[in-house]
Amino acid sequence: MVMLSLLLFFSALPSHMAKSSNHSDQQALMAFKVSISLEPYNSLSDWSPNHTFCNWIGITCSSRRQRVVSLNLTGKGLLGSISPSLGNLSFLRVLALPIDSFKGHIPYQLGMLFRLKRLRLSKNNLEGIIPSSLGGCRSLQFLLLSYNNLSGSIPAEFSLLSNLETMALGLNKLTGVIPPFLGNLSFLRIIALEQNRLQGVIPAELGRLSELQEVYLWGNRLTGEIPSTVGNWTQLQVLELNNNQMTGTVPLGIGKMQQLSWFNLWHNHLVIGSSGLSILTVLTNCSSLEHLDLAFNYFTGVLPTSIGRLSKSLSYLALNSNEIRGSIPDEIGNLTNLTLLDLNANQLNGTIPSALSRLPNLERLYLHTNNLQGRIPESFGQSKKLGLLSLSENMLSGQIPESLGKLPQLRDLILHHNQLSGKIPASLGRCQTLETVDLANNKLSGNLPPEVAGLQNLQFYFNISKNLLQGSILEMSKMVMVLAIDVSQNNFSGGIPSALASCKELEYLNLSSSAFEGPIPPLLADLQNLQYMDLSCNNLSGMIPVAFKKMKMLQHLNLSSNMLAGEVPREGLL
């Protein structure tokens with residue numbers, strides 16, 4: 001039926017379209033130029049009958065017949081539609097119009113290009129269905145239509161593209177299922193169908209494609225189990241099935257993929273079989289593995305000690321948002337090339353192993369939202385590349401290690417909702433790259449060290465609320481780039497520094513539930529980006545500054561439970 005429909009299509013073409021000549025190539029190109037409404041770089045300026053068309057920009061001709069074999073206008077910013085006249089370029093082998101601004105439909109006439117090997121129309125604004133006539137491009141090896149607005153299903157006629165090596169249809173609006181006939185296209189190396197609206201299961205027939213190297217199916221609505229036949233993809237390097245609705249277990253045959261370097265399964269409904277987290281043991285056979293993300297599933301069990309035998313090239317390991325329990329094995333310290341380790345939002349207990357400090361390349365460590373106990377290892381000060389340390393929402397106790405001040409690249413320190421006690425180490429003031437500090441909801445005491453209050457490069461937020469801190473916050477006026485400051489529910493005293501007005505980027509300021517006294521500095525009205533200000537539950541007195549009415553962005557103002565006089569301004573967004 002497919003072959004019959006194509007035969008009918010070609011037999012219905014006018015006879016003058018079936019014949020080609022050197023002159024017809026020029027006519028087809030000129031018709032294509034007419035369909036262009038904007039060429040910002042004057043890329044078609046020499047497209048004129050006054051010049052030999054084989055010398056035009058983007059055109060390559062065959063040396064013997066002087067026929068157009070390549071039309072390549074990649075990234076020229078062309079705006080317009082793709083002219084059906086291109087179907088008359090009967091010797092065309094390459095049609096490349098990606099990274100432009102073409103709109104409208106893909107002309108069905110392109111199906112006449114039976115010599116075409118490469119069709120690249122990705123990163124445009126094309127819409128409508130993919131024409132089934134493209135099944136007539138029997139020589140096609142590379143079909144790249146991703147990053148458009150194409151809809152409909154994958155045409156059944158694509159089963160005739162027996163030479164196809166790459167099929168990239170990702171980031172469109174395709175519906176329907178992944179067709180089983182793809183398993184018959186034995187030359188396929190790359191299947192990219194990501195970020196569409198495809199449903200159904202991954203066909204077991206795809207297991208016949210033993211030469212597959214890259215598979216991108218993420219961001220669809222796929223269901224069912226991962227077929228066991230994927231174990232036949234022994235040449236596979238990239239497998240991305242994340243952000244679907246897949247169920248069942250992970251086939252252990254994935255361990256046969258010794259070339260696998262990038263493996264994403266996050267955000268599915270996958271579970272662990274009766275053998276527990278044995279998938280991690282199986283993956284130790286994947287000696288090229290660099291990126292492993294199994295987050296946001298229903299994996300249970302404990303982390304096996306075999307995790308330390310994963311590929312030495314592994315740089316990214318994410319097992320977060322599962323139901324993994326037990327302790328973190330010391331063997332994880334053997335993964336010396338890790339730059340990211342994410343185990344957050346599980347049910348891990350025990351202490352944080354000092355073995356993590358043996359990871360010399362570690363840049364981001366997420367252990368928050370678990371049941372970890374004990375102290376933060378002093379040895380973390382050896383992790384010189386550490387830029388993010390997130391240990392919040394655990395049951396950690398003891399003091400914040402002084403050694404964290406030795407981390408020259410630390411940007412984010414997130415320790416809130418623990419049972420940390422003692423003083424905030426002044427050594428943190430040496431971390432001049434810090435952008436975020438969150439020590440809220442602990443039992444920290446003493447004064448806020450001026451070295452920490454004077455961190456000038458903070459850009460996001462500084463949160464030390466709900467502790468037992470005392471003294472002054474005068475030095476915080478040096479945080480000139482920070483967006484949010486929260487020191488509420490402490491024992492800070494003295495006046496609110498007028499110098500806080502130098503924090504020009506502030507959007508959120510919470511000084512509530514402390515022991516601040518004296519008047520509210522009128523200079524706070526200079527914080528023109530401020531949207532939220534809470535000064536409630538202090539010992540403030542005097543008049544409410546009239547200048548507050550100048551604060552055009554302020555939406556929330558709480559001055560309650562003080563000894564203030566005057567009216568709350570009604571202007572602006574209040």
Let me see the working for Leu174 and Ile130 under side chain to side chain contact (heavy atoms under 4.5 Å, CB included), right down to the final yes or no. CA-CA 9 Å; Leu174 300 178; Ile130 301 174; 4.1 Å; yes
Side chains of Ser392 and His417: do they bring a donor and an acceptor to under 3.5 Å? no
I'd like to know whether His368 forms a side-chain hydrogen bond (donor to acceptor under 3.5 Å, both in side chains) with Ser390, so could you lay out the CA-CA distance, the side-chain angles of the two residues, the decisive distance to 0.1 Å, and finally the verdict.
CA-CA 6 Å; His368 59 273; Ser390 181; 2.8 Å; yes
Any non-hydrogen side-chain atom of Tyr461 less than 4.5 Å from a side-chain atom of Val437? no
- Task: Begin with the C-alpha distance, continue with both residues' side-chain angles, and end with the deciding distance and a verdict on side chain to side chain contact (heavy atoms under 4.5 Å, CB included) for Leu341 and Leu362.
- Result: CA-CA 8 Å; Leu341 175 60; Leu362 193 63; 4.2 Å; yes
Notebook entry, point to check: Within a strict 4.5 Å, meaning less than it, do heavy atoms of the Ile400 and Leu439 side chains meet?
Noted result: yes
| query | Tell me, do Leu428 and Leu413 make a side-chain contact under 4.5 Å, heavy atoms counted? | reply | yes
**Asked** Taking atom types as modelled, is there a side-chain donor on Trp218 or Gln195 under 3.5 Å from an acceptor on the other?
**Response** no
- Query: Sub-3.5 Å donor-acceptor pair from the side chain of Asn244 to the main-chain atoms of Asn220, do we have one?
  - Reply: yes
- [ ] For residues Phe158 and Met167, determine if any side-chain heavy atom of one lies less than 4.5 Å from a side-chain heavy atom of the other.
- [x] yes
Tell me, do Leu126 and Leu145 make a side-chain contact under 4.5 Å, heavy atoms counted?
no
message = If we ignore hydrogens and angles and just use 3.5 Å, is the side chain of Asn72 paired with the main-chain N or O of Thr74 as donor and acceptor?
response = yes
### Query
Backbone N or O of Leu367 within a donor-acceptor pair of the Asn344 side chain at under 3.5 Å?
no
**Within 45° cone of Phe114 ring axis and under 6.0 Å: Arg138 NZ or CZ** = no
Q) Is the closest side-chain heavy-atom distance between Leu365 and Leu386 below 4.5 Å? A) yes
Judged by modelled atom types alone, do Ser287 and Gln258 share a side-chain donor-acceptor pair under 3.5 Å? no
- Taking C-beta and beyond as the side chain, do Asp293 and His291 meet within less than 4.5 Å on heavy atoms? yes
Only one of Leu317, Leu260, Ile279 passes side-chain contact (heavy atoms from CB on, under 4.5 Å) with Leu292, and that residue is Leu317
*Considering only heavy atoms from C-beta outward, does the side chain of Ile191 approach that of Leu209 to under 4.5 Å?*
yes
